[in-house]
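What follows is a single structure, written as structure tokens, with notes after it.
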Amino acid sequence: METHVKAGAEQLGLGIKGVKAACAAIEREIAAGTTPGAVVGVLHEGRTWVYTAGYANPNPVQGQPVPVREDTLYDCASLTKVAVTLPLILQLIDDGVLTLSTKASDILPSFGTAGKEEITVGQLLTHTSGLQADMNLHSHGWDREQMWDAVFSAPLAAKPNTEVIYSDLGYLVLGRIIERSLELPLDQAFKRWVADPLGMNHATLTPSPGQAHRYAATEHDESIQDHLCGIVHDEKARALGGVCGHAGLFATAGDLLQYARMWLAQGAVPAVEAAMAKAGEPRLLSRAAAATATRPHTSHIQGSSRGLGWVLKGDKMDASGDWMSPYCYGHTGFTGTSLWIDPEPNLAVVLLTNRVYGGRSSSVAQLRAQVHNALKGAVAW
């Protein structure tokens, strides 16, 4: 580890003490059984480095234990919200198709029932729509149409714009708004308008069957008598076929670093960032979209600090740790994933774990904070 970490610190232009501390924190959690393996990917001043540890699948039913590799695909869970749904919605706003004040019912008329007629795209993005957090779609034997009917007909849990209720349902609806607006399935829209332009070469909402060795295993599932591997962990997404606005993305650390690079470039496509000043194109997002998405939109609601999609510093779901700047933003995923971006030192950190491998009780909350603190502390040594 020592040689690899030293080389990584030099490559990133970070202090070796902090980089070593981040990697040591990961090794401790693996040894404690919190997660069987992990990847941390770091982007600093345009330079990237990836550290891997442990196993993607320590005990497959067939074959030998599978170690974590740089190209291991992780179930990103709710990172889907900010890495798939958010950029596509922002592009539709850039293109003049939607606005933040567009009513969801204007695009999806069947959604406009039970007090939801005035809910806007902006409220769905910021989790201020009043929609309930979750819903059981998978255990009723419903077909796809019945599941969507249940989502669209769900009553409000709160008056819109009065509370932040972190809602998977809101992002399910946003995913359908994207599909209706583009007349394209969400997975195809993501590949065409986000993944391909950014060089997110492994990222997908439709994992390849028969290639389980490429994926980090998540929770044991009784229905298959094995751990889920290349099968989405979220029950709602699984029941709906995996292509959803709230969960379902599988990606490598490198994929997510490419995505973070675009945000640090304020919407510019990374490969041509240096040419932006003269050419003005190409961009994935407008500078205005990137700036608006990362500023506070819920300051009127006590205890919350949310951008469009993103969690901001001081929110109750803030996982940035202690040292990241007030301008940082990020998101977590239930399976043990996170992406955090701090524009002040031009830093992004991807942490991918499969902490649900042994069940849902393990937490990587402290690990996230420790890794973020160590890497931010390594800046400007």
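Not measured: the values here are computed from a predicted model.
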Side-chain donor-acceptor contact under 3.5 Å, Asp342 with His372: no
Sub-4.5 Å side-chain heavy-atom contact between Lys6 and Thr3: no
salt_bridge(Lys81, Asp168) N-O dist < 4.0 Å: yes
Exam field: side chain Thr80 to backbone Cys76, donor-acceptor pair closer than 3.5 Å: no
Donor-acceptor contact present, side-chain Asp75 to main-chain His233, <3.5 Å: yes
Side chain to side chain, Ile177 and Arg180, heavy atoms closer than 4.5 Å: no
Donor-acceptor under 3.5 Å (Asp255 side chain, Leu257 main chain): no
Shortest non-hydrogen contact between Ala374 and Ala22, atoms and distance: CB-N, 3.6 Å
Thr292 (side chain) donor-acceptor with Ala289 (main chain) under 3.5 angstrom: no
Side chains of Leu14 and Val379 in contact at under 4.5 Å (non-hydrogen atoms): yes
NZ or CZ of Arg176 within 45° of Trp148 ring axis and under 6.0 Å: yes
Flag side-chain contact, heavy atom, 4.5 Å: Val311 against Trp340: yes
Side chain proximity check, Tyr74 to Thr335, heavy atoms < 4.5 angstrom: no
Working for side chain to side chain contact (heavy atoms under 4.5 Å, CB included), residues Val40 and Val349: CA-CA 7 Å; Val40 63; Val349 181; 4.0 Å; yes
Full working for side chain to side chain contact (heavy atoms under 4.5 Å, CB included) between Leu367 and Thr34: CA-CA 10 Å; Leu367 176 61; Thr34 305; over 6 Å; no
ILVMFWY network linking Val39 to Val66, side-chain heavy atoms under 4.5 angstrom: no
Ile30 reachable from Tyr357 in the ILVMFWY side-chain graph, under 4.5 Å edges: no
Short side-chain to backbone donor-acceptor contact, Lys20 and Lys17, under 3.5 Å: no
Joint hydrophobic cluster, Leu86 plus Leu312, side-chain heavy atoms closer than 4.5 Å: yes
Side chain proximity check, Leu182 to Gln188, heavy atoms < 4.5 angstrom: no
Test: Arg306 cationic atom under 6.0 Å from Tyr329 six-membered ring centre, within 45° of axis: no
Thr128 OG1 to Lys159 NZ distance, which is reported to the nearest 0.5 Å: 13.0 Å
Heavy-atom check, side chain of Tyr51 versus side chain of Glu27, under 4.5 Å: yes
In one Ile/Leu/Val/Met/Phe/Trp/Tyr side-chain cluster, 4.5 Å: Leu240, Val243: yes
For Asp149, all residues meeting salt bridge (Lys or Arg N to Asp or Glu O under 4.0 Å), sequence neighbours excluded: none
Pair Asn57-His227, side-chain donor/acceptor within less than 3.5 Å: no
Atom pair CG/CG of Leu137 and Leu172 - distance to nearest 0.5 Å: 7.0 Å
Pair Arg69-Thr52, side chain to side chain contact (heavy atoms under 4.5 Å, CB included): steps then yes or no: CA-CA 6 Å; Arg69 306 190 324 176; Thr52 66; 5.7 Å; no
Interatomic distance, Ser304 atom OG to Met317 atom CE [nearest 0.5 angstrom]: 12.0 Å
Can you list, pair by pair, the side-chain donor-acceptor contacts under 3.5 Å of residues 189-201, counting residues two or more places apart and other chains?
residue: Lys191; atom: NZ; partner: Asp196; partner atom: OD1; Å: 3.2
residue: Lys191; atom: NZ; partner: Asp196; partner atom: OD2; Å: 3.4

Spatial distance of atom NE2 (His246) from atom CZ (Phe334) [nearest 0.5 Å]: 11.5 Å
Criterion side chain to side chain contact (heavy atoms under 4.5 Å, CB included) on Val50 and Val350, from CA distance to verdict: CA-CA 9 Å; Val50 175; Val350 173; over 6 Å; no
Nearest-0.5 Å distance that lies between atom CG in Leu249 and atom OG1 in Thr206: 10.5 Å
With sequence neighbours excluded, residues passing side-chain hydrogen bond (donor to acceptor under 3.5 Å, both in side chains) with Asn354: Thr35
Check against ring pair (Phe, Tyr, Trp, His ring centres under 6.0 Å), Trp310 and His297: CA-CA 10 Å; Trp310 295 109; His297 288 261; over 10 Å; no
Sequence-distant partners of Glu163, side-chain contact (heavy atoms from CB on, under 4.5 Å), two or more places apart: Ala158, Ile165
Sub-4.5 Å side-chain heavy-atom contact between Thr204 and Asp187: no
Residue pair Glu344, Lys313: steps toward the salt bridge (Lys or Arg N to Asp or Glu O under 4.0 Å) verdict: CA-CA 13 Å; Glu344 187 180 73; Lys313 193 74 172 179; over 6 Å; no
Residues that Asp221 engages under side-chain hydrogen bond (donor to acceptor under 3.5 Å, both in side chains), provided they are two or more places apart: Ser223, Arg238
Donor-acceptor contact below 3.5 Å, side chain Asp95 vs main chain Val97: no
Donor-acceptor pair, side chain of Ser129 and main chain of Ile119, under 3.5 angstrom: no
Residues clustering with Val232 (ILVMFWY side chains joined when closer than 4.5 Å, directly or via others): Leu73, Tyr215, Phe250
Spacing of Leu98 atom CG and Gln91 atom CD [to the nearest 0.5 Å]: 11.5 Å
